[in-house]
Amino acid sequence: MTPVVLPDVPLQNVTLMPDCVQDAGSWCATLYRWTSNDFLAQHADTLVSRTVAITVIVVVAVLFRWLAHRAIARMVDGATNGRFTALVGRARRLRPGGGAAVAPAADPGTQRRAQRARTIGSVLRSIVSAVVLLVAVMMVMNELGYPLGPLLAGAGVIGLAIGFGAQNLVRDFLSGMFMLLEDQYGVGDVVDVGEAVGTVEAVGLRITTIRDIKGTVWYVRNGEILRVGNMSQGYAVAVVDLPIAHHADVEEATELAGSTATERASQDDIAGDVLEAPEVLGVDKIGPEGVTLRITVRVSPGRQWAVQRALNGAITDAFDDHGIPRPMVYPGAAFDGQSQKQN
């Protein structure tokens, strides 16, 4: 410290000043002139340089986060409203088998892709925000002179402890990510995940919500799902089993069932759901109660049960009209009744 007299400082106010005040163009002299504070003047260059560096770090972090979120939003919009989605929707509407055209917004496939894209976009935005915030905080702490080595070591130990304690949560999260990326199922699909069988109502990163046929809502942790049976992906098959009596004419019943199924499948109420003509497989099994014929029809995803009920009703009426005998539930009782009539 040396006594320095500045041109605009009265002689009666001359005191000991920092040496850097002699440099008229420095931040030290400027702050001392503004505040007359020795501490601020001595650390002026450090304060200004660190303030500028921290400001630049914050601005760059905010800008990078905004650009990354904008890029993710554009990617999600492209996946949900882009030309590819329109082409896929047009291809589905022009599938073999006819059917009424479905608006792109009402197409279950389009809604499913949109829901999956939004979920993945939300996860990506959260990851980007967390990474940018972590890097920015570490750079700011480095500018302030805090040692990062002990901090990183402590964070590693804490992260390891949290990882052991929340390993089920991490497993659920990773399983949910892979389910979304691999498109194993989506909202509206009918799935079998083991204990729960029903329609998917929501797909999250940790929980999948399924409502079964009785109306019960099942909350299934993604990490506990070992296998998934999706009954609504690509196409479905309506299986119609037709029991007839042992003494029935199998050839006649098979021909009648095939013609009736073909005629019923061409009617307007289910024609849009039928992708291929019904296929008569013939005798599927022979049991003590009778013979079972089987017919299969490839249909739209999730429509197999409606088509199956329609074909069952039509073929049952046709069998009754043509006198095709059915298996007797109580053959012994029927035999006793016939014996009494003969006596």
Side-chain angles (χ1 to χ4, degrees), residues 80 89 92 95 99-100 102-120 122-123 168-169 171-243 261 264-265 267-275 292 294-317 329:
T80 56
R92 290 194 172 191
R95 64 182 183 273
V102 180
D107 185 7
T110 301
Q111 296 177 358
R112 173 175 175 171
R113 286 189 297 274
Q115 189 266 353
R116 185 162 58 100
R118 285 193 296 268
T119 303
I120 295 177
S122 176
V123 174
N168 289 333
L169 181 62
R171 183 174 63 178
D172 295 339
F173 179 85
L174 294 178
S175 298
M177 280 292 299
F178 281 111
M179 286 178 182
L180 290 171
L181 292 175
E182 296 171 0
D183 193 20
Q184 296 181 12
Y185 54 80
V187 175
D189 286 353
V190 180
V191 298
D192 180 354
V193 295
E195 295 294 333
V197 180
T199 303
V200 178
E201 292 195 340
V203 180
L205 292 176
R206 194 179 71 88
I207 293 292
T208 295
T209 306
I210 299 175
R211 187 180 296 274
D212 64 17
I213 194 172
K214 298 180 180 179
T216 304
V217 178
W218 296 81
Y219 298 94
V220 185
R221 287 172 42 195
N222 294 331
E224 298 295 328
I225 299 177
L226 301 180
R227 50 114 176 126
V228 179
N230 195 328
M231 307 176 204
S232 306
Q233 205 168 52
Y235 66 89
V237 176
V239 180
V240 181
D241 289 332
L242 307 168
R264 183 67 180 88
Q267 297 181 6
D268 294 339
D269 57 338
I270 62 172
D273 300 321
V274 177
L275 304 180
T292 301
R294 172 164 291 186
I295 298 177
T296 60
V297 188
R298 183 175 294 189
V299 299
S300 301
R303 298 296 299 168
Q304 59 268 38
W305 297 284
V307 175
Q308 180 178 324
R309 287 191 294 268
L311 295 183
N312 266 323
I315 296 174
T316 297
D317 293 340
V329 179

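Only heavy atoms go into these numbers, but all of them, side chains included; no hydrogens, no water, no symmetry mates. Sequential numbering from 1 along the given sequence is applied to the chain's residues.
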Keeping the roles fixed (side chain from D212, backbone from K214), state whether a donor-acceptor pair exists under 3.5 Å. yes
Smallest heavy-atom separation, F178 atom then Q184 atom, equals O-NE2, 4.4 Å
Minimum heavy-atom distance S300-G272, with the two atoms named: OG-O, 4.0 Å
N312 side chain near L242 side chain, heavy-atom distance below 4.5 Å: yes
Applying side chain to side chain contact (heavy atoms under 4.5 Å, CB included), name anything that partners D269, two or more places apart in sequence or on another chain. R264, Q267
Q308 to A238 - nearest heavy-atom pair and separation: N-CB, 4.1 Å
Side-chain polar contacts of residues 220-227 - donor-acceptor pairs under 3.5 angstrom, sequence neighbours left out - could you list them?
| residue | atom | partner | partner atom | Å |
| --- | --- | --- | --- | --- |
| R221 | NE | D172 | OD2 | 3.0 |
| R221 | NH2 | E224 | OE2 | 3.4 |
| N222 | OD1 | T208 | OG1 | 2.7 |
| N222 | ND2 | G204 | O | 2.9 |
| N222 | ND2 | L205 | O | 3.2 |
| E224 | OE2 | R171 | NH2 | 3.1 |
| R227 | NH1 | D192 | O | 3.3 |
| R227 | NH1 | D192 | OD1 | 3.4 |

Between L311 and A265, which heavy-atom pair has the shortest distance, and what is it? CD2-N, 4.4 Å
Looking only at non-hydrogen atoms, find the nearest pair between V274 and V299 and report the distance. CA-CG1, 4.3 Å
side-chain hydrogen bond (donor to acceptor under 3.5 Å, both in side chains) partners for R211, two or more places apart: E201
Give the minimum heavy-atom separation between R294 and V239, together with the two atoms involved. NE-CG1, 3.5 Å
Measure the spacing between CG of N230 and CG of D189 and express it to the nearest 0.5 Å. 4.5 Å
